[in-house]
Structures are given as C-alpha cells and as structure tokens.
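Below, chains carry the letters A, B, ... as their sequence lines are ordered, and counting in each starts from 1. These figures come from a predicted structure and were not determined experimentally.
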Protein chains: 2
Amino acid sequence: MKKISMQLEKANLKKTKHRLLILKILAETNDFLSADDLFIRAKQSDTKISLSTVYRILDSFAEKKIVSTLNIDNSKQVYYEMAHQEHAHHLICLDCQSVIHIKDCPIHDYQSQLSKTYNFQVKRHSLEFYGYCSKCQKSKKNQ
Amino acid sequence: MKKISMQLEKANLKKTKHRLLILKILAETNDFLSADDLFIRAKQSDTKISLSTVYRILDSFAEKKIVSTLNIDNSKQVYYEMAHQEHAHHLICLDCQSVIHIKDCPIHDYQSQLSKTYNFQVKRHSLEFYGYCSKCQKSKKNQ
DNA sequence: GTGTTTAATGCTAACCATTTGCATTTAGAC
DNA sequence: GTCTAAATGCAAATGGTTAGCATTAAACAC
C-alpha cells in the first residue's frame, strides 16, 4: 500500500479520491499552500473538486495532525503543509512570501521557565520571523 | 495640552473627536481589543461613530505606531492595544482569551545569528505562547 | 469670527476567506 | 449487490474588513 494512503488509514479517514489528491499535492511541495492554492492545483488534475471539499479535507487533516497550519500576520488566509514530525519555526519573506523552515527551537527552556513565573500552562508557541530573503534583498538593492 | 492629544500631534494626525475617543478607550484598558470591541465601547459614550471609522482610525494609528496589533492564531480578528515603547511577547489563554504581556525577549541574540546562517534580513518577529492561565487551569480541574 | 480646502466620517455595498445547509453521491462493511 | 454513514457539490450565508461616494468638520488663512 502506498505511503500516502496509509496516512488516511492511520487517521481513520475514508480513502476518497479527493483526500488522496490533496495529500498528493501536499506531498509534492515544500511550500505552504492556502486552501485556494490547493483548490487550483487540484482542479488542474482531472479530478473534479469543489472548494468547500478542500476546506473540509483540510479541516479533517488538521484535526488528525496530517497537516500543520501557518498563520501569517496581516494575512487573512491560513496556509497548510504536510505535517513534519518536528516542531519548527519560519523565516517569512515580506516581499515574495517564501517561507524557510527552521527546525531548531531556541525557546524550549525559556518556555518552562515562563510556566513557573506566570503560573501559565503553556501548550504551544508560535515563533515566526519576518523580513527579506536573500533574493529579495538583492532585488531591492537594484531598484 | 493633554498627553492623549499630543500623540495625534506628534503623528501629524488631525485631532478629531473620534480619534480622541478611540485613544481614550485604548488608554483606559490594558487588554487587546478588536475593532468591534472598540466600536461597542465607543458607542457607549455619547459620541456617534461608525464601524468603518473605527477601522480607519486603527489603520492610521497602526501606521503611525500609536497602536500595536496582535494576530492570534486561528482567530480572524486583529487585536489592538496602545503601543508600548518596548518589544513584547504574550501568553494567550486558549480558554478565556486573556493576554499576559512579557517584556523580556529571549531571542534577540538568536535572531542575529539566524540572519547570518540563512542570509535572511530579519525585520521583526512574533512570539506568542498559547495555553491556560492560572484561573482557567483551576476551573478545568473542577469540571 | 467667515471662507476655503482637504481630510475625516457615515452609510451602504462590496469583498474575501471560510463555513453551512441540504440534496446527492460514494466508500466501506455486510 | 445492498445498506448506511460519511463525503461531496453547489449555493447561499457568515464574519471581519475594505471601498465608494456624498456629507461634515479640522485646520489654516484672512
């Protein structure tokens, strides 16, 4: 059995052609994609799909931790990628929207210290860096 | 001259009663407020105001750095507070939505290191912790 | 103060990402 | 193949935010 459909099996989700298609698209890219990005790519295959199905599939995948989501400040859309096993942070380019993954997490120790100081039970954190990627730094100089 | 209206002066914004009102409401609270929260509070004063005015005022305030914004993961609304001089992070309660400010920033050094490693020019970062505040931890236990 | 100019406001409709309701289709179990 | 619950398509609804345009009000000159 293919690795991709195994994910659905493990998650106890029915293997539908739409779910397999969305999984395949996600598996083929390293970028974060919005629901609409996925919808557009899915339509390009010969499978017919509706946008609400894409949303419903993404919701179920998020619940089962098959995908992870990224909320970019000041952007209204949610972005999705295949979930990695590891906790990660991101460098987000303000110009071209590209995202660089960082696997290293500098604040795990800090977090447990926080919990004590504020008596706050931290469940997760989000740490995102915004700025300009090397490509966009160059093109800005040339303007 | 009052401190509040001085902010408008410094920012080169006309002193209108609506702007002064929004500033006053922001100055009176330590919480983050959504545009709608502000709209509701503003209506309770005797000044007539429309929601689009609230949005426009907040946009101008954000541009002039009079307010700072908070984007909470999985929430569609933007939250606003009077801008503090200092960079801060937050503990956000998943239950009661309360926000605790943390002035300490654990990643300034890390950030400059990142810039070198990835040749990425970091302009800012957002670091938010999600979990349960002490009050909500207690009420969860009692359920 | 009055007049003038330009920005701010109110109102309504538009927008965009996302969600929902409901009828139809399909996967999976028998 | 039959059955049943879950998945899907479609269209309409939702919620936060933005835009267009006519009206009002600051700010500045006089």
statement: Taken to the nearest whole Å, CG/B/L70 to C1'/D/dG16 is 16 Å
message: Tell me the interatomic distance from B/N12, atom CG, to D/dC28, atom C1', rounded to whole angstroms.
response: 14 Å
query: Residues from residues 46-57 of chain B sitting under 4.0 Å of DNA chain D, heavy atoms only?
result: B/L51, B/S52, B/Y55, B/R56
- prompt: In whole Å, what is the span from the CD atom of A/E63 to the P atom of C/dT19?
  reply: 13 Å
message: Side chain of A/R19 only, heavy atoms from C-beta on: which candidate in D/dA27, D/dT8, C/dT19 is closest?
response: D/dT8
task: Only pairs at least two apart or in different chains count here, so list each salt bridge (Lys or Arg N to Asp or Glu O under 4.0 Å) that has a residue in residues 54-81 of chain A.
output: A/D73-B/R124
- prompt: Just by distance, do the side chain of B/T53 and the backbone of B/I49 share a donor-acceptor pair under 3.5 Å?
  reply: no
- prompt: Could you give the CG-to-C1' distance, from A/L58 to D/dT8, as a whole number of Å?
  reply: 14 Å
task: Examine A/H125 together with B/H89 and report whether their ring centres are nearer than 6.0 Å.
output: no
task: Could you tell me whether the side chain of A/T29 and the main chain of A/L26 form a donor-acceptor pair under 3.5 Å?
output: no
message: Please give me the minimum heavy-atom distance between A/K48 and A/H18, naming the atom from each residue.
response: O-NE2, 3.0 Å
field: Nearest-angstrom distance from the residue atom CG of A/L8 to P of D/dA7
entry: 11 Å
- request: Decide yes or no for A/L91 and A/C93: does some side-chain heavy atom of the first lie under 4.5 Å from some side-chain heavy atom of the second?
  value: no
query: Which of residues 71-82 of chain A sit near DNA chain C, with a heavy atom under 4.0 Å from it?
result: A/K76, A/Q77, A/V78
query: Do A/F129 and B/Y110 have side chains that get closer than 4.5 Å, going by heavy atoms?
result: yes
message: If you take any heavy atom closer than 4.0 Å to DNA chain C, which residues from residues 31-41 of chain B end up in contact?
response: none
field: Pairs flagged by salt bridge (Lys or Arg N to Asp or Glu O under 4.0 Å) wherever residues 25-34 of chain A is involved - sequence neighbours left out
entry: A/K24-A/E28
Residue pair A/F120 / A/S115, side-chain heavy-atom distance below 4.5 Å: no
message: When you measure from the side-chain N and O atoms of A/H18 to the phosphate of D/dG9, is any distance below 4.0 Å, counting only OP1 and OP2?
response: yes
message: Without decimals, in angstroms, what is the distance between B/K15 NZ and D/dA27 P?
response: 6 Å
query: Taking C-beta and beyond as the side chain, do A/F61 and A/L13 meet within less than 4.5 Å on heavy atoms?
result: yes
query: Reckon B/T16 has a side-chain N or O less than 4.0 Å from the OP1 or OP2 of C/dT9?
result: yes
- line: Sequence neighbours excluded, the answer for ring pair (Phe, Tyr, Trp, His ring centres under 6.0 Å) partners of B/H90 is B/F32, B/H101
statement: A/K64 NZ to D/dA7 C1', in whole Å, measures 15 Å
- prompt: Whole-Å distance between C/dT9 C1' and B/L13 CG?
  reply: 15 Å
